[in-house]
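Predicted, not measured: the structure shown is a model, and the values here were computed from it.
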Amino acid sequence: MSVTGEYEPSPSARVRKHVAEMETTGTATGTPLDKPIVVLTFHSRRSRKVHKTAVMRVEHDGAYALVASKGGAPQHPQWYHALTVHPEIDLLDGTEKHAMRVRELHGDERAQWWKRAVEAYPPYAEYRRRTDREIPVLLAEPV
C-alpha cells in the first residue's frame, strides 16, 4: 500500500530541501549533526492531503522509532497528530521505500526505543530536558 493523493509541500524550506534530496539521491546534506534521516509520507489529520517530513533515522530490525521531539518545544509536532489519526505511512530510508504502520509506544517498550533514539541522535536527551511533556515515541513497522 502506498500513500497517495494531493501533495502539499512543507512550509519549511529545510524540510522541503531534505525531502527533495532524499527522493533524488537517497541522502540529505546539512542534517543535524550530519546524522542520517528518513522521510515519512503520510496523510494530514484533517484534509488528508499528502505531507512529507524528515526525521532522524532510528532503526532496529526493520522497525523505526519516530521521535516527536520538535526540538523540545512545549507542543507535539503536527506530524505526530496526523500519524495518530492516519497510521499508514511510506518511509524512505536511503533509496528504499517501505509501507509501514505506526503505533505509539508506552512503558518498557518506549524506554527501550528511547534509549536507541538517544544513542542514534544524542540531542534527544537535551530536548527531553527542555520540555515538561513526555516526548512521544512512535514505532513504524512493516505492513
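With respect to Lys70, the side chain to side chain contact (heavy atoms under 4.5 Å, CB included) criterion is satisfied by exactly one of Arg130, His76, Gln75: Gln75. Screening Val55, Leu33, Val58, Val67 for a side chain to side chain contact (heavy atoms under 4.5 Å, CB included) involving Tyr121 leaves a single residue, Leu33.
Across Val85 and Pro87, no two heavy atoms sit closer than the pair O-CD, 3.4 Å. When every heavy atom of Ala63 is checked against every heavy atom of Leu139, the shortest pair comes out as CB-CD1, 3.9 Å. The two residues Leu91 and Ala140 make their nearest non-hydrogen contact at CD1-CB, 4.4 Å. A pairwise comparison of heavy atoms in Ile37 and Ala54 identifies CD1-CB, 3.7 Å as the closest pair. Among all heavy-atom pairs drawn from Arg16 and Pro9, the shortest one is CD-CB, 4.0 Å. Contact record, Thr53 with Val15: CA-CG1, 4.0 Å, taken as the closest heavy-atom pair.
One distance of note links OG1 of Thr27 with CE of Met22; it measures 6.5 Å at 0.5 Å rounding. Here CD of Gln112 is found 6.5 Å from NE2 of His60. Values are rounded to the nearest 0.5 Å.
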Is there a salt bridge (Lys or Arg N to Asp or Glu O under 4.0 Å) between Glu109 and Arg103? Walk through the geometry before answering. CA-CA 12 Å; Glu109 189 177 25; Arg103 62 185 174 89; 2.8 Å; yes
Criterion side chain to side chain contact (heavy atoms under 4.5 Å, CB included) on Ile89 and Leu66, from CA distance to verdict: CA-CA 12 Å; Ile89 68 167; Leu66 312 177; 4.3 Å; yes
How far apart are the C-alpha atoms of Phe42 and Val50, what are their side-chain angles, what is the distance that settles it, and do they pass the side chain to side chain contact (heavy atoms under 4.5 Å, CB included) test? CA-CA 6 Å; Phe42 57 95; Val50 173; over 6 Å; no
Does Glu59 form a side chain to side chain contact (heavy atoms under 4.5 Å, CB included) with Arg116? I'd like the steps, not just the answer. CA-CA 8 Å; Glu59 184 273 340; Arg116 288 178 181 143; over 6 Å; no
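Side chain of Ser69 to main chain of Gly72: no donor-acceptor pair is present (N/O by atom type, distance under 3.5 Å, no hydrogens or angles). Side-chain atoms of Thr84 come within 3.5 Å of backbone atoms of His81 as a donor-acceptor pair (strictly under, hydrogens ignored).
The side-chain heavy atoms of Leu83 and Leu40, taken from C-beta on, include a pair separated by under 4.5 Å. Using a 4.5 Å heavy-atom threshold, the side chains of Arg110 and Glu104 count as separate. Side-chain contact between Tyr7 and His51 is absent, with no heavy-atom pair separated by less than 4.5 Å. Looking at Leu105 and Leu138, their side chains never come closer than 4.5 Å, going by heavy atoms from C-beta outward. At least one side-chain heavy atom of Arg133 sits under 4.5 Å from a side-chain heavy atom of Pro136. Trp114 places a side-chain heavy atom less than 4.5 Å from the side chain of Val118. Looking only at side-chain heavy atoms (C-beta outward), Asp90 and Met100 stay at 4.5 Å or farther from each other. His18 has its side chain out of reach of Val39: every pair of non-hydrogen atoms, C-beta onward, lies at least 4.5 Å apart.
In summary, Arg129 and Glu126 engage in a salt bridge, as defined by a charged side-chain N under 4.0 Å from a carboxylate O. A salt bridge is defined here as a Lys NZ or Arg NE, NH1 or NH2 lying under 4.0 Å from an Asp or Glu carboxylate O, and Glu6 with Arg48 fails to meet this definition. For Glu134 and Arg128, the salt-bridge test fails: no basic side-chain N is under 4.0 Å from an acidic carboxylate O.
At a cut-off of 3.5 Å, with distance as the only test, a side-chain donor of Thr29 or Glu21 sits close to an acceptor on the other residue. Remark: the Lys97 side chain and the Thr41 side chain contain no N/O donor-acceptor pair separated by less than 3.5 Å. Side-chain N/O atoms of His86 and Arg45 include no donor and acceptor closer than 3.5 Å. Glu141 and Tyr64 form no side-chain donor-acceptor contact under 3.5 Å, judged by distance and modelled atom types alone.
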